[in-house]
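Note that ligands are numbered from 1 as they come in the structure, with each ligand's atoms numbered from 1 the same way.
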Amino acid sequence: MAPPIATVGVVGSGIMSAGIVEVIAAAGHDVIVRARTNTGAIAVREAIDRRLSRLVERGRCDDNDRQATLGRISCTEHLHDLATCDLVIETVVENLEIKQHLMAELGRHLADHAIIATNTSTLPVVELAIASGRPDRVAGLHFFNPATAMTLVEIVRPITASDDTIAALHDFARRCDRQIVDVADRAGFVVNALLFPYLNAAIAMAERNTASIDEIDAAMKGGCGFPLGPFELLDLVGLDTSLSILEALHREFGEAGMVPHPALRRLVAAGHFGRKTGRGFRTYT
Ligand SMILES: NC(=O)c1ccc[n+]([C@@H]2O[C@H](COP(=O)([O-])OP(=O)(O)OC[C@H]3O[C@@H](n4cnc5c(N)ncnc54)[C@H](O)[C@@H]3O)[C@@H](O)[C@H]2O)c1
């Protein structure tokens, strides 16, 4: 039986990283953020500091808690600095080859007992597990965006994972105050397999001029009680990530509604990835 998870590494410095790091550090774990550059890792810590400082100003967070959370976060650009981790969560770009390459490197650098979790939205976890060289100690731990507000994690069990690994991730997720859903290693798991055909259908609807993107967003918020409309959500998730998710869903299930709409492909080809690049379906200043 592996020791309880105390020190956690988070690899990647994109949209998902800061939220995940904050949640884990706030729950009392030491967290090492690893990005390809030290500046990238420090930017994650700074983003958390900015968010927590705003909460302190509004009286929604105690300044001692802010300092304690930040004090548990360290930054590095070296994978070998993750050798003290009991768990490493990868949050890099949604690309199978890049994640497999990272998994192989993590497999070489981490302690034997360490578990590797992937935050992939759709990719086959078993293929990442095999690439790591420690397939029994790899599973999916799928956080949602932003992790500080969305408490769900999908714990994804590839056929290679051991019972101990899944039990350790359950224990860890509970200590991070997460709502847990267990799910098999199928593209999109539960949430994205249901969500992305809907988002793709919204693009098709706008393209055939049923209504504008503003009207479609307003209709889905007002009529279904969704907190965000489909175009707001696509721009928040990232259009490059959204395209990868639809491609992975279509590869696995072959359903017509999962073929990425050409309008999405064109935006991605133009480098318009949504909020993170300042332009997607809408423009952000
Ligand atoms: N965006 C979302 O709403 C969301 C929600 C849940 C899960 N996810 C998943 O989380 C993961 C990260 O998504 P994100 O939205 O944070 O992505 P992002 O595009 O914001 O960030 C990607 C990260 O990957 C790094 N990266 C890019 N190329 C790399 C390479 N060749 N080697 C190593 N690192 C590289 C980038 O530097 C960046 O830190 C993906 O697997 C995605 O499916 C995303």
* Just jot down the side chain to side chain contact (heavy atoms under 4.5 Å, CB included) partners of Arg282, sequence neighbours excluded, or say none. =>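 Listed in chain order: Ile213, Asp214, Asp217, Phe231, Glu232, Asp235, Tyr284.
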
* Asked: Parallel under 30°, tilted from 30 to 60°, perpendicular over 60°: which one fits the rings of His109 and His80?
  ->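 It falls in the tilted class, 30° to 60°.
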
* Applying side chain to side chain donor-acceptor pair (under 3.5 Å), name anything that partners Arg134, two or more places apart in sequence or on another chain. => none

* Structure fact -> Residue set satisfying side chain to side chain donor-acceptor pair (under 3.5 Å) with Arg66, at least two apart, ordered chain then number -> Asp49, Asp63

Distances only, to 0.1 Å: what are the N or O pairs between ligand 1 and the protein that fall under 3.5 Å?
unit_1, atom_1, unit_2, atom_2, d
ligand 1, 1 (N), Val237, O, 2.8
ligand 1, 3 (O), Asn145, ND2, 3.0
ligand 1, 8 (N), Ser121, OG, 3.3
ligand 1, 10 (O), Asn119, ND2, 3.0
ligand 1, 16 (O), Ile15, N, 3.0
ligand 1, 16 (O), Met16, N, 2.9
ligand 1, 19 (O), Lys276, NZ, 2.8
ligand 1, 20 (O), Ile15, N, 2.8
ligand 1, 24 (O), Val93, N, 3.0
ligand 1, 26 (N), Arg36, NH2, 3.4
ligand 1, 37 (O), Arg36, NH2, 3.0
ligand 1, 39 (O), Ser13, N, 2.7
ligand 1, 39 (O), Ser13, OG, 3.1
ligand 1, 39 (O), Gly14, N, 3.2
ligand 1, 41 (O), Val92, O, 3.4
ligand 1, 41 (O), Glu94, OE1, 2.5
ligand 1, 41 (O), Lys99, NZ, 2.8
ligand 1, 43 (O), Glu94, OE1, 2.8
ligand 1, 43 (O), Ser121, N, 3.4
ligand 1, 43 (O), Ser121, OG, 2.6

* Under a 4.0 Å N-O cut-off, is there an ion pair linking Asp65 with Arg60? -> no

* Asked: Can we say Arg186 and Glu252 salt-bridge, meaning some charged N sits less than 4.0 Å from an Asp/Glu carboxylate O?
  ->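 A salt bridge is absent here (no side-chain N lies under 4.0 Å from a carboxylate O).
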
